[in-house]
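Reviewing the structure listed below.
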Amino acid sequence: MREKLLLVCALFLVFSIGAWAQSRTITGKVVDEKNQPMPGVTVVVKSDPAVGTITDGDGGFTLKVGEKVRYLVFSFIGYSTVEASVDGVSELDINMEPGSEKLSEVVVQAYGTNSERKNIQSISTIEAKNLSDVPVVNVQELLQGQAAGVQMVGASGVAGAQQNVRIRGVASITAGTQPLYVVDGVPLNDASGIDGGGYTSAQGGNALNPLQDINPQDIESISVLKDASATALYGSRGSNGVVLITTKKGARGEQTRFNFDYYTGVTTNTAVLDVMDADQFRQYRSDFLTANGVPTSPADLPQGGFDWFDAAIGTGVTNNYHLSARGGTEKTAFFISGTYFDQESFTIGNEIQKLNGRFNLSHQASDWVKFGFNLGISNVQNDRISVSNSTFAPYTVSGLQTPWVEPRDDQGNFVNTGFIQNIVGLEDLETNILMINRTTGNTFVELTPTENITVRSSIGIDRVMNEEQYRSPDVFSPGGFASNSIVQDNKWLTTNTINYNNIYGDHAIDITAGQSYETSEYRITEVAGSGFISDDLPTVASAAEPTTTNAAISEWGLASFFGRGRYSYKDRYLFEASIRADGSSRFGEDNRYGTFGAVSAGWILTEEEFFKDISYLNFLKVSASYGTTGNDRIGNFASRGLFGAGRDYNGAPGIEATQPANPGLSWESTSQIDFTVSAKLFDSRLQVEASYWRKESTELLLDEQLPTTTGFLSRTGNIGEMVNKGIDLSITSTNIQAGDFKWVTNLNLGTLDNEVTSLPQDNVDVNGDAFVAGTGQQRATVGRSLNEFYLIRYSGVDPQTGDAQWLDADGGLTSTPTSGDRKYVGSALPDLTGGLRNTFTYKNFELEVLLNFQSGNTIFVDDFTFMYIMGGTFNKSTRMLDYWRQPGDQSFAPALNSSTANSFSQDSDLMLVDGGFVRLRYVRLSYNLPRKLLEKSGFLTRVQVYAMGQNLATMFSDAFDLGVDPEVSRFGNDSQAQGESFFNMPQPQTYTFGVKIGF
Amino acid sequence: MRKIFLYATALALITATSCEDELNKLPQQSLSDESAFDSKEGATGVLIGTYSLMQDLHSFGSQPQVIADYMADNVNFMGSFPTLQDINTYTAVSNNTTVAEIWRDNYEPILAANSVIANVPGVADGTFTDDERNQLIGEAKFIRAICYLNLVNLFAHPYQVNNGGEDGVPLILDPFDGTVQTPPRASVDAVHQQIITDLTDAMSLMDDAPVSSGRASADAARALRSRVYLYREDWQNAADDANTVITNGNFSLAPDYSFYGGNAVTSTEVVFGIANSAIDNVNQGDNDAGSGSWDSYYNGSDAGGRGDAPAHPDLLAAYQSEPGDMRGTLFLKQVGASTDSAMFTTKFNDGANNSSDAPIVRMAEVNLNRAEALAELNGVNQESIDLMNAIRQRAGLPDRTLGDFAAPSDLLDAIAAERRKELAFEGHRRMDLLRRGLPLRTAATEPPFAPSGAGISSPGDDKTILPIPQRERDLNPNLTQNSGY
């Protein structure tokens with residue numbers, strides 16, 4: 001197949017020697033609705049948007065274009081885009097009208113682009129405006145509440161933490177649920193094949209964000225590929241959706257423009273848990289001991305006290321500086337930028353500094369040869385903290401530390417507080433630094449031997465180098481401990497495509513064929529040692545006892561061939577088909593190749609004569625698609641039976657069975673069907689797009705749980721089936737447009753219905769339904785969602801006896817429930833997520849308000865299984881002060897000497913709360929300096945000042961009312977362990993002030 | 001121009017054709033199932049890996065042994081970790097994660113041992129002699145036996161309850177072949193019989209002395225079988241096995257207590273122990289130590305430990321009962337998990353690196369096994385007293401004589417008291433009480449930190465044994481649950 005493809009490719013090349021176009025010059029002037037000249041309007045050639053310029057101070061422009069160029073496109077923020085014919089014209093006068101309507105915007109797709117009008121793939125595009133306006137740290141935050149069917153869970157308030165993004169539900173149980181991220185054609189490394197790996201030690205559950213090395217301000221557009229017709233060209237990696245990120249480019253012939261952005265903000269936490277203070281705790285503890293036969297008074301207990309939450313949580317400060325330049329000469333276009341970002345989180349000892357540089361350049365060597373590169377480099381310094389399930393984690397410690405424990409002794413020296421460690425001392429004395437250097441980019445050459453043929457070849461890299469340095473001082477690790485690890489993940493890929501497009505009367509065709517090979521090599525080197533003379537010796541070199549030496553390598557490769565054909569008839573009947581064959585090193589040789597593909601069709605009804613009469617209907621398109629994609633995110637060697645090496649015993653080398661063999665292992669496959677209607681009504685003031693979709697995932701890679709009497713906990717197999725279905729809806733409405741005032745509402749939402757339809761029958765629940773256990777609290781069960789909580793049901797404290805009561809399996813009350821009394825009590829998956837944005841514009845002021853919401857899910861708050869322990873010295877929720885004292889009491893907790901005092905805190909639906917919420921994600925008020933003022937300056941093209949508040953309010957959230965942030969992901973994006981919290985750091989509340997200057 | 005095209009095409013062709021070979025990526029840190037057993041070195045590596053599994057916290061890395069001391073009256077457990085505290089207060093439930101790990105991490109070495117036993121005879125390696133093969137199989141059988149003993153002690157009632165007729169643990173004797181088996185629990189007696197069979201085989205396959213320290217030997221199998229017989233009240237066999245170990249002379253009582261610590265397995269005192277080193281704390285696969293290990297539990301937080309497991313006041317009082325007992329000096333005042341100072345044993349004294357060896361079977365126990373068995377068989381007798389005196393002399397205590405014991409029960413009580421003081425913190429106390437029909441705790445020996453256990457901790461009482469992990473019962477419906485869970 002490959003040979004044929006190349007032969008065809010070569011034939012094209014050999015026979016395609018065309019006549020190279022002559023060029024001509026077009027001049028003109030752009031004015032606004034009041035006939036005022038408009039500077040700064042972007043003017044590009046429609047057929048080659050890389051050729052363009054912007055208007056000067058008088059609204060004038062001069063552009064050299066090819067002889068065959070037929071249309072120019074004029075665009076400006078806040079104005080309707082204008083398309084003008086230049087057939088036989090060398091001078092143009094353009095009138096621009098305010099409005100948000102977009103004419104034939106370009107949609108970025110897999111290995112190419114299409115016009116929005118003719119696009120029949122399901123793609124959510126995040127507009128450049130919404131990208132650049134919101135000061136976010138991580139790219140994923142831009143997706144929150146902005147794209148229908150995309151759910152984003154903010155991981156936690158930890159700087160640099162990973163976000164959990166789901167596009168149209170979850171298409172996998174174990175093999176990863178995160179989309180594939182592709183930056184300028186380079187699929188990013190995500191260490192998905194490294195067992196227990198990733199790039200850093202998790203330090204309690206939160207992995208690092210794979211996108212934190214990309215500066216959001218460098219991004220031109222984000223395309224979220226949702227249906228099979230959009231993702232099939234990513235074949236074995238498309239099942240969870242694909243996020244295409246295109247960085248900013250310059251345009252040839254464009255005058256050089258500079259942008260300077262600065263913002264500064266302060267950050268605090270949103271939710272906070274209520275725990276006892278030292279006096280409350282002493283009183284409670286002495287009451288508890290007394291009630292249990294050890295007469296104690298508060299004075300008998302340790303004195304002193306410390307507010308650990310107060311010490312752990314404060315106010316963080318963020319500063320961001322960004323300077324960029326873009327422009328071009330006749331032959332060369334460039335974009336160059338540099339960004340410095342510094343964020344101190346609201347939590348003690350957590351800080352992140354990022355330096356990003358980007359240089360994108362393209363050069364038109366001749367009429368038919370273009371080459372260039374896109375390069376992003378970044379350096380991140382992250383002062384890390386542990387989170388969640390770690391007794392070194394500030395937030396966890398604050399919740400659990402006995403409140404009479406103080407961080408310093410009488411001399412003022414930090415003390416070691418034992419298992420629940422002294423975070424104040426830790427953050428002061430400990431070193432826990434992560435440094436990331438990442439280079440992502442590609443070089444390309446693009447040949448256009450005729451106007452209809454484009455051959456493109458590119459070589460891309462994604463080189464990640466993470467270094468972690470850790471040093472624990474003598475007081476916390478007697479003698480001291482240090483470790484250092486370096487992880488490298490070096491990817492390179494080559495992609496070669498050929499595109500042919502032409503129009504024959506009413507027939508338009510566009511064919512792309514290509515080949516790619518991609519490989520990544522992961523290397524880790526780590527050392528650790530203990531026993532230091534002094535805390536002043538920070539590195540492992542000074543350790544007396546080397547405790548770790550490790551160096552490991554893991555590689556994978558993926559070879560692919562793909563093609564796509566588009567055909568349209570009379571610009572209204574649209575057809576598309578795509579196919580991709582992927583060969584992956586992760587699977588056994590017999591199973592190595594898989595083929596994926598999709599077909600789709602669309603119909604622009606408004607092009608038909610019989611629709612032309614409906615005056616209020618400007619545009620109506622229906623489309624449908626069906627296709628298959630895969631998911632290959634399993635361990636690099638998941639199909640092999642393995643004996644892990646490096647096990648030593650008393651100086652001798654050993655090996656240990658780590659994985660049972662599974663020779664038939666292959667990728668997961670997902671078939672998806674999609675129906676979409678998009679319409680523009682009432683002079684395009686109302687735009688609606690609605691999709692119904694259904695994804696059926698089969699041969700799911702599943703960790704089949706094994707009885708440990710096999711010697712293994714689990715093994716991977718292609719054994720499950722799951723269906724996701726839902727509706728994506730996006731509505732944009734210009735509610736009011738009167739004079740200088742404009743009000744636009746954008747609503748997008750996605751519903752999700754997830755059902756596990758088949759699992760191995762080895763484990764069945766009491767109803768006879770097969771299930772796979774996720775955590776101790778949740779499981780995936782056939783006929784239910786992937787994350788169904790399975791718990792005993794708490795009823796309350798018996799007012800007469802003071803004993804806690806639960807419901808048994810039959811619904812009767814019991815004080816001694818057993819595991820047989822567990823029931824399905826809720827799902828961790830929300831069935832509705834979305835966002836609502838309102839934008840109000842008045843003259844040069846703009847107010848933007850974004851709400852996002854989700855509902856239908858529940859959260860298991862594991863914090864409470866610790867904070868509700870009646871005995872012991874962990875700090876407790878203040879709700880525990882409300883314990884039963886005498887008959888008739890309606891209390892929260894049972895009697896201190898109740899037989900249920902020890903079982904009260906066991907896992908039950910007492911710890912389960914509704915996960916729904918509405919969050920005021922941000923409010924942004926901006927002011928653009930009037931154009932006249934700018935003109936006077938002689939060089940300024942844009943000055944905007946803005947103020948913004950993020951996560952200002954959380955409403956309708958039961959979790960939030962209990963001090964728990966409803967956006968939880970204790971286990972990161974482990975799809976079998978969703979919706980659980982264990983002292984999850986709450987989302988930050990941020991107040992930002994910023995300025996954007998263009999000149 | 002045409003030339004450039006052809007170059008470009010050629011380039012694309014080259015990059016495309018080089019792909020195919022690039023899809024053969026091999027793991028670099030692991031061997032495949034097939035290559036593990038294709039040589040002597042590989043097979044030996046699997047056995048060494050099995051020992052490495054036994055270093056795990058939840059098998060012989062202290063957790064079961066610490067639990068055995070704190071469920072009884074040797075340790076005043078003050079750690080805050082709920083799954084451990086629940087066991088301390090007799091309120092554990094069936095999804096206690098520590099219990100699940102104990103189950104799993106004892107079956108892992110059992111399955112690894114099974115694969116050594118099953119595969120070593122077929123290894124096609126001409127340099128692999130029969131003696132070498134027998135040695136590996138013998139060690140694997142020893143490992144399988146001691147892991148089953150660990151399990152049956154914790155998850156089942158002692159032999160004395162219902163004469164071994166209570167449910168024990170499932171017996172898995174073959175390596176995992178891909179087909180999941182769901183066997184029911186074998187009786188305690190059946191598990192004991194399997195342990196005895198394995199130990200008997202192990203004796204015939206191995207030399208009396210170990211090939212190197214920290215490894216099993218025929219004498220180790222004999223000493224362990226003596227313990228099993230003692231637990232089954234098979235006094236004659238217990239006495240005989242102990243005697244063979246003593247007379248073989250490969251092992252003998254150490255002159256003093258300096259053998260504890262990082263080199264304990266090299267001492268003549270330790271018949272079988274797990275050798276630990278600083279590098280074993282690092283997570284090697286599943287071998288989690290780190291925040292939990294012998295050194296971690298038994299050291300205060302100021303010494304790098306968790307401060308969870310200081311001595312019970314009742315144990316300290318036991319040492320005070322006879323002045324000059326040097327074992328009473330093997331303590332240091334350190335910071336406990338919930339008190340500023342508590343007495344911690346110095347038997348495991350490397351809180352920084354957790355490198356102390358675990359003495360699992362040692363000569364003091366072998367002596368006391370024989371002393372006890374002979375007292376049961378023959379009443380008050382000089383040899384029992386001599387065996388006990390050897391241990392008392394080392395502790396700096398005066399000899400006992402026949403005249404000190406009016407009745408056999410006096411001698412048995414004295415041996416039991418000696419056994420407690422000698423073997424404290426080494427994981428013997430729980431079984432030593434239960435098999436003698438005694439409660440783990442009485443009103444007088446409830447731990448001050450978490451008073452509980454009195455009246456509910458006699459042999460046969462529900463929560464004196466651990467629950468079968470819920471996860472395992474979910475996956476294997478043939479597993480019955482212990483009463484009370």
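Letters go in sequence order (proteins before strands), and every chain restarts at 1. Side chains included, hydrogens not; waters and symmetry mates left out as well; all remaining heavy atoms used.
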Residue part contacting chain B, namely of A:P302, when any heavy atom lies under 4.5 Å: neither
Which portion of B:F37 sits near chain A, non-hydrogen atoms under 4.5 angstrom: side chain
Atom group of A:T709 that falls short of 4.5 Å from chain B, counting heavy atoms: both
Side chain / backbone / both / neither for A:E545 at chain B, heavy atoms under 4.5 Å: side chain
Side chain, backbone, both or neither of A:F712 within contact of chain B (heavy atoms, under 4.5 Å): side chain
Under 4.5 Å from any heavy atom of chain B - which part of A:A661: both
B:E108 and A:T708 side chains, donor-acceptor separation under 3.5 Å: no
Proximity breakdown for A:P707 and chain B, heavy-atom pairs closer than 4.5 Å: both
Contact class of A:V405 relative to chain B, heavy atoms under 4.5 angstrom: neither
Portion of A:I869 that has a non-hydrogen atom of chain B nearer than 4.5 angstrom: side chain
Contacting moiety of B:E472, where chain A heavy atoms sit under 4.5 Å: side chain
Which portion of B:R473 sits near chain A, non-hydrogen atoms under 4.5 angstrom: neither
Check: B:T50 main-chain N/O paired with A:Y649 side-chain donor or acceptor under 3.5 Å: no
Least distance between heavy atoms, A:G644 atom then B:S30 atom: CA-OG, 3.7 Å
Chain A interface, residue from B:S94, B:P451, B:P82, B:A112 that has the most non-hydrogen pairs under 4.5 Å: B:P82
Chain A contact via B:S80 - which portion, at a heavy-atom distance below 4.5 Å: both
Engaged part of A:L713 at the chain B interface, taking heavy atoms whose separation is under 4.5 Å: both
Part of B:A337 within contact of chain A (heavy atom distance under 4.5 Å): neither
Atom of B:G42, atom of A:I655 and distance for their closest heavy-atom approach: O-CD1, 3.8 Å
Whether B:N95 side chain and A:S819 backbone form a donor-acceptor pair below 3.5 Å: no
Portion of A:A657 that has a non-hydrogen atom of chain B nearer than 4.5 angstrom: neither
Under 4.5 Å from any heavy atom of chain A - which part of B:L47: neither
Interface moiety of B:I48 toward chain A, non-hydrogen atoms closer than 4.5 Å: both
Segment of A:S477 engaging chain B (4.5 angstrom heavy-atom cut-off): neither
B:L31 versus chain A, the contacting section by heavy-atom distance below 4.5 Å: both
Per-residue contact mode, A:F476 against chain B (heavy atom under 4.5 angstrom): neither
Side chain / backbone / both / neither for B:S35 at chain A, heavy atoms under 4.5 Å: neither
